[in-house]
Amino acid sequence: MEARAEGEAAAGSPPSLFELSGVVVSSAMGTLEREVWALPGQILQGILPLLNIYYLERIEETAVKKGLSTQPIWHKLWNDVIKIRPPKSENITSWRKKFLETFFSNVLHGVLDVSSDPRLSDRRFSPLLHSSRHVTQLTICNMLQGVAELTAEPNQRVLENLAGSLRTLKFRHLLTSDLSIRQSLSLLLHHLIHHGTVSQVSMCSWPVPDKVLLVLILNMSAGFWHPGKTLVHQGSPCGLCREESDAQGLFTQEDGALLGSNQQCCGSTEQSETGQWGDSESRSKKVQTASAKVLQEADTDAQAPIELARSSSGTVKTPMLCGLRRHPFQNLACQDVSCKVPPEYYNIKGECSASLPKRSSVDPAFRKPYGRFKTAVGRKRRCPRRNRRPRADPEDLYDFVFAVAREEEETAESLFESSAQEGESIDGWAPSPADTPSFEGVGCTEGGSVGILPLKAACRFRSVSTLELFSIPLTGDTCRALGNLLSSWASLEKLVLSYNGLGANIFCILSGLRALSHRRDCSLHVVRVSDVFSHIPSVELVRSILTAFPRLHTLSVSFDLKNQLEGNRPDGHSSAEAEIPESCLEQLEIRFPREPLQTSLLLPVLKASRSLQQLSLDSATISCPLEFGLLLQALKECNPGLKRLSFHDVNLADYQKEVLLLLQDPVLQELTFSFCRLFESCTAEFLSDIIQIMKRNSTLTSLKLPGNRLGNHRLVALADIFSEDSSSSICQLDVSSNCIKPDGLLEFAKKLERHILQRGGQIKFTHLRLFQNWLDQDAATAQEALRRLRAVCNVVSNTWASAQAFADYISLM
């Protein structure tokens with residue numbers, strides 16, 4: 001603090017007496033803390049900026065009571081220390097929480113040195129302990145840095161704080177780790193998930209996943225844990241499990257003896273109920289064999305025997321659930337969640353085709369040593385974005401310049417793109433047994449029982465409600481393991497699988513979902529699946545998912561490219577033959593890989609989804625007006641509650657009549673035509689019809705028209721929607737990427753002002769979006785237009801360099 005005062009004096013602005021006194025007070029807060037809290041608000045306001053982060057955080061409640069805000073101070077700390085602009089900074093409500101959460105992560109990963117700024121260090125406080133209470137999201141990356149530190153004994157209180165505050169746990173760019181780190185991660189997940197409040201686990205960008213580590217994270221997320229070996233190495237049982245069991249009086253004498261030997265977490269109990277675990281001797285032997293096999297693979301170098309609690313008869317003892325959630329798998333757990341593949345994926349001899357390999361299959365690019373990727377950690381990897389896909393008209397300048405992708409954050413890695421360009425199939429390589437660790441007992445096995453190890457030989461604890469896997473190749477083994485976990489994952493509410501190279505292995509996931517749907521306590525209502533290649537047509541996959549799990553509320557299916565093998569499937573075995581049960585679907589999103597709309601397959605889906613409220617169709621091709629008309633007729637008859645309808649990258653230039661019918665719909669509240677070429681061959685009559693229909697429609701509140709070649713004169717014409725004789729309820733208008741120039745925008749603003757004056761200032765229009773328009777051609781005129789519009793509504797725009805976009809296009813010609 002004294003250094004700051006000296007710096008101000010050196011800069012030519014000597015500190016005032018009050019500031020000098022504040023510096024002295026802030027340096028003696030250890031002694032004067034209570035007295036400072038009691039100061040009047042006006043004096044305290046001058047002292048707050050002089051405090052370090054520890055006392056600034058501690059004084060927050062007192063400052064609020066005195067009507068003072070510390071947000072500007074925390075915001076300044078962010079700018080001075082973190083020095084980057086966070087994404088969506090305009091939505092940050094608490095800079096205090098944002099700073100302390102990022103501060104914790106940077107200190108844990110060794111990115112930030114607390115001695116670099118006097119406001120960050122204080123000998124009376126621990127940086128990790130002090131900031132851990134504010135951490136709701138934690139990211140673990142690379143070689144699992146920070147995991148061992150968090151599970152160390154000196155940071156026990158830090159771990160306790162995280163267990164109470166953490167909601168989201170993310171894994172990024174993971175690399176192969178050794179046994180000791182995996183054991184530390186196992187304990188960390190046990191505390192944060194099983195005994196904590198983590199509700200979401202996300203894994204992203206793992207080009208060469210370590211199967212043992214991946215399955216460990218999945219099992220722990222699903223609430224399963226094999227604590228025996230981990231706790232043997234740690235030398236003590238889980239204290240939290242023991243405390244919970246003691247509190248509920250669940251320990252027996254035998255449990256205590258086992259705890260004393262440090263062989264199991266929370267002791268063991270003989271599961272004799274035939275309806276829950278089963279008492280078959282042969283099944284017990286399978287459990288023993290599978291358990292030993294997986295644990296041995298997790299530590300190939302370890303020579304010590306694997307210690308599992310066994311009874312005198314040789315049956316495996318299952319650790320008791322310690323007062324945590326018991327999920328008896330009475331019927332479902334004992335069933336085989338095998339990957340039932342439709343007949344079309346078998347050849348004439350009845351053997352499984354190459355698209356569904358017997359063993360796990362992975363692209364050769366994924367087999368490279370992880371050292372290749374180690375140097376690339378931290379770099380931005382290129383993703384197969386939608387605007388890199390083959391388009392209907394690749395030479396179209398407009399499409400190149402204004403292609404706007406709605407891709408989800410952190411999607412596919414460059415490896416997927418490179419394999420697609422080289423013509424390599426993700427399912428084209430089957431590793432040898434030496435290359436791939438065996439997962440018998442972890443997932444469903446070929447022609448055998450499924451899920452014995454996770455369901456029978458593990459403790460069952462609390463599980464997360466959201467699982468997200470981005471850019472992680474999932475082999476047949478891992479898909480079967482995941483499908484097996486899904487079959488009993490009752491707490492799971494949201495499942496996101498993005499760019500995982502599933503191929504035919506998607507049927508393993510569907511098998512798990514089908515089993516899960518039979519559970520009364522099932523919570524799953526959101527499923528999102530996206531990938532580079534579509535193994536089956538998009539609508540067919542939608543039908544399969546809804547047939548397996550009709551209780552879904554939200555379903556999203558998205559593909560970039562059509563699999564070339566898709567057309568070689570034998571006819572007569574399509575899933576379209578199966579009847580779709582009545583579903584609870586409310587939101588459906590389908591992105592087609594440049595394939596036909598397939599209205600005949602989509603109609604049964606719409607008929608089974610009577611509760612549908614939102615429909616989004618992306619990148620489909622429409623063959624004729626009759627097909628589009630059938631779709632609109634089905635929406636009107638089967639989905640009377642549909643409120644939001646979106647078309648993206650669907651060429652509607654020749655379907656003006658159908659577009660006008662949609663604009664007249666008396667139920668729709670939000671309508672989106674994104675990059676649909678609506679005005680490509682537009683006539684004055686068509687534009688006039690749109691305006692007149694919109695003036696009479698009092699239901700529609702949001703109209704989004706990005707990328708439709710609107711231009712200046714059509715934008716000015718759209719202002720008549722808000723004329724004096726209009727009953728329109730439009731609140732939001734999106735005209736992004738429409739070749740709008742500053743003079744056209746200014747004329748639109750003036751015309752809108754006149755209409756508002758004629759209506760006495762009464763207008764419902766509140767939001768206007770103007771991204772990627774040619775407003776840089778005349779900055780002064782653009783600013784004048786934006787000033788006028790912002791006096792009427794909220795305007796969202798950006799500084800887009802249109803000339804650079806054209807230069808990029810020319811450079812690729």
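Just so it is clear, the model here is predicted, and its values are computed rather than measured. Computed from heavy atoms alone, side chains included, the values below leave out hydrogens, waters and symmetry copies.
- P207 approaches P473 most closely through the heavy-atom pair O-CG, 3.4 Å.
- In this structure, a donor-acceptor pair under 3.5 Å is absent between the side chains of T554 and K494.
- Here the side chain of S558 pairs no donor or acceptor atom with the backbone of S530 at under 3.5 angstrom.
- E101 CD to L138 CG: the interatomic distance, rounded to the nearest 0.5 Å, is 8.5 Å.
- Judged purely by atom type and a 3.5 angstrom limit, S491 has no side-chain atom pairing as donor or acceptor with the backbone of S465.
- Considering OG of S180 and CG of L185, their distance stands at 11.5 Å, rounded to 0.5 Å.
- Residues H767 and C793 come closest through the heavy atom pair N-CB, 4.1 Å.
- Remark: T197 engages R167 in a side-chain hydrogen bond (donor to acceptor under 3.5 Å, both in side chains) (not counting sequence neighbours).
- Taking 4.5 Å as the limit, every side-chain heavy atom of V526 sits out of range of all side-chain heavy atoms of V496.
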Give every donor-acceptor pair under 3.5 Å between a side-chain atom in residues 155-165 and any protein atom, sequence neighbours left out.
{"from": "N155", "atom 1": "ND2", "to": "E149", "atom 2": "O", "distance (Å)": "2.8"}
{"from": "N161", "atom 1": "ND2", "to": "S132", "atom 2": "OG", "distance (Å)": "3.0"}
{"from": "S165", "atom 1": "OG", "to": "S132", "atom 2": "O", "distance (Å)": "3.2"}
{"from": "S165", "atom 1": "OG", "to": "V135", "atom 2": "O", "distance (Å)": "2.8"}
{"from": "S165", "atom 1": "OG", "to": "N161", "atom 2": "O", "distance (Å)": "3.1"}

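- Judged purely by distance below 3.5 Å, without hydrogens or angles, the side chains of S205 and S471 never pair a donor atom with an acceptor atom.
- With sequence neighbours excluded, the residues forming a side-chain contact (heavy atoms from CB on, under 4.5 Å) with V64 are E60, listed by chain and number.
- The pair R528-E468 fails the salt-bridge criterion, with no side-chain N (NZ, NE, NH1 or NH2) lying under 4.0 Å from an Asp/Glu carboxylate O.
- Scanning for ring-ring contact (aromatic ring centres under 6.0 Å, His included) contacts around W74 gives F99, with sequence neighbours left out.
- Formation of a donor-acceptor pair under 3.5 Å by the H195 side chain with backbone atoms of I193 is not found in this model.
- Counting only heavy atoms from C-beta outward, the side chains of W78 and T102 approach each other to under 4.5 Å.
- Remark: N79 engages no residue in a side-chain hydrogen bond (donor to acceptor under 3.5 Å, both in side chains) (not counting sequence neighbours).
- Note: F171 CZ to I217 CD1 = 4.0 Å, rounded to the nearest 0.5 Å.
- Side-chain atoms of D117 do not come within 3.5 Å of backbone N or O of V81 as any donor-acceptor pair.
- Sorted by first and then second residue, the pairs that involve residues 68-83 and meet salt bridge (charged side-chain N to carboxylate O under 4.0 Å, His left out), not counting sequence neighbours, are K76-D80, D80-R119.
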Going through the checks in order, is the side chain to side chain donor-acceptor pair (under 3.5 Å) test met by T478 and T475? CA-CA 5 Å; T478 50; T475 63; 3.2 Å; yes
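- Residues Q772 and S737 have side chains that bring a donor and an acceptor to within less than 3.5 angstrom of each other.
- At a threshold of 4.5 Å between non-hydrogen side-chain atoms, the residues L68 and T70 do not count as touching.
- Every residue was checked against the ring-ring contact (aromatic ring centres under 6.0 Å, His included) condition with H109, not counting sequence neighbours, and none meets it.
- N106 contributes no side-chain N or O that, together with a main-chain N or O of L112, makes up a donor-acceptor pair within less than 3.5 Å.
- Among residues two or more places apart in sequence or in another chain, the side-chain hydrogen bond (donor to acceptor under 3.5 Å, both in side chains) test is passed with S89 by R85.
- Rounded to the nearest 0.5 angstrom, F470 CZ and N500 CG are separated by 9.0 Å.
- Here salt bridge (charged side-chain N to carboxylate O under 4.0 Å, His left out) pairs that include residues 128-144, with residues two or more places apart or in two chains, are E57-R133.
- For Q732, the side-chain hydrogen bond (donor to acceptor under 3.5 Å, both in side chains) test picks out no residue, with sequence neighbours left out.
- Looking at heavy atoms from C-beta onward, D113 lies out of side-chain contact with L120 at the 4.5 angstrom threshold.
- With rounding to the nearest 0.5 angstrom, the CD1 atom of I472 is 14.5 Å from the OH atom of Y499.
- Contact of the V147 side chain with the S184 side chain is registered, since non-hydrogen atoms from C-beta on lie closer than 4.5 Å.
- The shortest side-chain heavy-atom distance between Y55 and D122 falls under the 4.5 Å cut-off.
- Rounding to the nearest 0.5 Å gives a distance of 10.5 Å between CG of L216 and CD of Q183.
- Residue pairs meeting the ring pair (Phe, Tyr, Trp, His ring centres under 6.0 Å) criterion with at least one partner in residues 128-168, sequence neighbours excluded, are Y54-H130, F125-H130.
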Result block: side-chain N/O donor-acceptor pairs under 3.5 angstrom for residues 28-50, not counting sequence neighbours:
{"from": "E33", "atom 1": "OE1", "to": "R58", "atom 2": "NH2", "distance (Å)": "3.1"}
{"from": "E33", "atom 1": "OE2", "to": "R58", "atom 2": "NE", "distance (Å)": "2.8"}
{"from": "E33", "atom 1": "OE2", "to": "R58", "atom 2": "NH2", "distance (Å)": "3.0"}

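- Shown here for S736 and N773, the closest heavy-atom pair between the two residues is CA-ND2, 3.8 Å.
- Looking only at distances, a side-chain donor or acceptor of S27 sits under 3.5 Å from a matching main-chain atom of V24.
- Nearest heavy-atom pair across L775 and S797 is CD1-OG, 4.0 Å.
- Ring geometry for W225 against H194 counts as tilted: the plane angle lies between 30° and 60°, on a 0 to 90° scale.
- With a 4.5 Å cut-off on side-chain heavy atoms, L144 and L174 count as touching.
- Between P86 and I92 the shortest side-chain heavy-atom distance falls below 4.5 Å.
- Between L51 and L56, the shortest heavy-atom contact is CB-N, 4.2 Å.
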